[in-house]
Amino acid sequence: MFARTGALVLVPRWGQVRNMATLKDITRRLKSIKNIQKITQSMKMVAAAKYARAERELKPARVYGTGALVLYEKAEIKAPEDQARHLIIGVSSDRGLCGGVHSNVAKNIRNQMKQLTSAGKEVKIATIGEKLRTLLHRNYGSNILMMFKEVGRKPPTFGDASFIAAELLNSGYEFDKGAVVFNRFKSVISYNTQEQPVFSFDALASSENLSVYDDIDADVLRNYQEFSLVNIIYFGLKESTTSEQSARMTAMDSASKNASEIIDKLTLTYNRTRQAVITKELIEIISGAAALSF
């Protein structure tokens, strides 16, 4: 009796259960990848619209930066030889998913920090954008003078640059020489990291050729310094914004293409697995029918 009862024990078909679970996992992953693709395509469209606006506003903004740099060049303004205090202004934003836009600026600043600190110089950093502060805080947190947030949500304006320049000049840190590090836009798929110099009040006062442009007194020099600093920061903000939007548009386009490739591969895997399950079930049905016929 016991032997007869033991013959009624059923053995589960583990192969069929495992295949069904695989199909379910593939279906879930396909749905997830398709949702991600919808998000990347939407972000690409938004970035394209913002890029078109940023590119339109970039050409007029370049006049501010090139004008200040030409003034420095023609007046032959140079920092003092015994310069010891440096200020580095890094321009990025608070938003990511744009390739190496932020890391390139951080890399440039790290290289400058290594060179200047090894030479015994005092260096302070002003970060424009939360992403840049995050990249530099671990190694150079004590060197960060101040940080400006809420960058990248809206197109930068001359008022934003004026506020940043005023905060820097009123910070109490008297630098001998400074530099604005930003990504300069070249094309939709290309940009390069550049740095533009900014000079202190003493550097302007020591220039003999500056008197050709205007009568020199302390107020005029101070106005020159403030206005040129604002111009270069505004120039850097506009260049960086255009580079960021073009990089984000390119990155989201690549992500959408990668998602399409993954969807095609998963669809092929799903069809093959489903066909294998159907074939196995047919073999089991035919085998069972053949066994009953004997």
Side-chain angles (χ1 to χ4, degrees), residues 37-70 88-109 126-136 147-168 179-198 227-257:
Q37 187 183 39
K38 292 179 182 178
I39 295 173
T40 55
Q41 288 174 345
S42 300
M43 292 184 67
K44 176 188 172 183
M45 295 176 62
V46 173
K50 291 184 177 181
Y51 162 73
R53 177 178 178 179
E55 190 180 24
R56 287 196 306 268
E57 297 177 351
L58 178 60
K59 187 175 181 180
R62 279 179 170 168
V63 178
Y64 291 87
T66 54
L69 296 174
V70 168
I88 302 176
I89 305 170
V91 182
S92 68
S93 73
D94 296 347
R95 317 192 81 174
L97 299 176
C98 52
V101 169
H102 308 308
S103 58
N104 288 341
V105 175
K107 182 179 179 181
N108 183 288
I109 294 177
T127 61
I128 302 176
E130 177 66 26
K131 291 294 182 180
L132 185 59
R133 187 202 70 84
T134 303
L135 291 171
L136 296 174
M147 186 267 293
F148 301 92
K149 291 184 179 181
E150 301 298 325
V151 181
R153 297 178 181 273
K154 297 180 180 179
T157 63
F158 193 81
D160 298 333
S162 300
F163 174 78
I164 294 171
E167 291 294 320
L168 291 172
V180 179
V181 183
F182 59 92
N183 292 305
R184 179 152 192 180
F185 175 77
K186 295 177 66 178
S187 66
V188 180
I189 58 174
S190 177
Y191 61 89
N192 60 349
T193 305
Q194 290 188 357
E195 54 182 90
Q196 299 295 346
V198 292
F227 189 63
S228 61
L229 179 60
V230 173
N231 286 342
I232 294 177
I233 291 176
Y234 180 61
F235 172 57
L237 286 171
K238 283 296 186 182
E239 290 280 359
S240 180
T241 299
T242 309
S243 301
E244 178 187 346
Q245 297 302 337
S246 65
R248 181 173 290 113
M249 183 174 63
T250 304
M252 292 301 102
D253 181 60
S254 299
S256 299
K257 291 179 180 178

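Of all heavy-atom pairs spanning V91 and L132, the tightest one is N-CD2, 4.1 Å. Shown here for A68 and I232, the closest heavy-atom pair between the two residues is CB-CG1, 3.9 Å. When all heavy atoms of H102 and R95 are compared, the closest pair comes out as NE2-O, 2.6 Å. Contact detail for S243 and Y191: the closest heavy-atom pair is OG-CB, 3.7 Å. Nearest heavy atoms, S92 versus G129: OG-CA, 3.9 Å. Nearest heavy atom pair, residue Y234 against residue A61, reads CE2-CB, 3.7 Å.
Atoms CE and CD1, from M249 and I189 in turn, are 10.0 Å apart once rounded to the nearest 0.5 Å. Interatomic distance, OG of S246 versus CD of E244, reported as 9.0 Å (0.5 Å rounding). Of the inter-residue distances, the one linking L168 atom CG with I233 atom CD1 reads 5.5 Å to the nearest 0.5 angstrom. Rounding to the nearest 0.5 angstrom, the gap separating the CG atom in L58 from the OH atom in Y51 is 9.0 Å. The OG atom of S162 sits 9.5 Å away from atom CG of L229, with the distance rounded to the nearest 0.5 Å. Taken from CD in Q196 to CG in L69, the straight-line distance is 4.5 Å, to the nearest 0.5 Å.
Between F227 and F158, the two ring planes are tilted [angle within 30° to 60°].
Put simply, the residue from T242, N192, T193, T241 that forms a side chain to side chain donor-acceptor pair (under 3.5 Å) with N183 is T193. Applying the salt bridge (charged side-chain N to carboxylate O under 4.0 Å, His left out) test between R62 and each of E55, E57, E239 identifies E239 as the sole match. Each of V105, I164, V181 was scored for a side chain to side chain contact (heavy atoms under 4.5 Å, CB included) with I128, with one residue passing: I164.
Checking side-chain atoms of R133 against main-chain N and O of F148 turns up no donor-acceptor pair under 3.5 Å. A distance-only check finds a donor-acceptor pair linking the side chain of D160 to the backbone of T157 [under 3.5 Å]. Proximity of a side-chain donor or acceptor of D94 to a complementary backbone N or O of E150 within less than 3.5 Å is detected. Side chain of T127 to main chain of I89: no donor-acceptor pair is present (N/O by atom type, distance under 3.5 Å, no hydrogens or angles). No donor-acceptor distance shorter than 3.5 angstrom exists from the side chain of S190 to the backbone of S187, with no hydrogens or angles considered. Judged by distance alone, the side chain of T40 and the main-chain N or O of Q37 form a donor-acceptor pair under 3.5 Å.
By the 4.5 Å heavy-atom criterion applied to side chains, F235 and R184 are counted as neighbours. You'll find the side chain of R153 stays beyond 4.5 Å of the side chain of S93, heavy atoms only. With a 4.5 Å cut-off on side-chain heavy atoms, K50 and R248 do not count as touching.
S228 and N231 form no side-chain donor-acceptor contact under 3.5 Å, judged by distance and modelled atom types alone.
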**Request:** Any chance you could lay out the side chain to side chain contact (heavy atoms under 4.5 Å, CB included) test for M252 and M45, step after step, and finish with the verdict?
**Result:** CA-CA 9 Å; M252 292 301 102; M45 295 176 62; over 6 Å; no

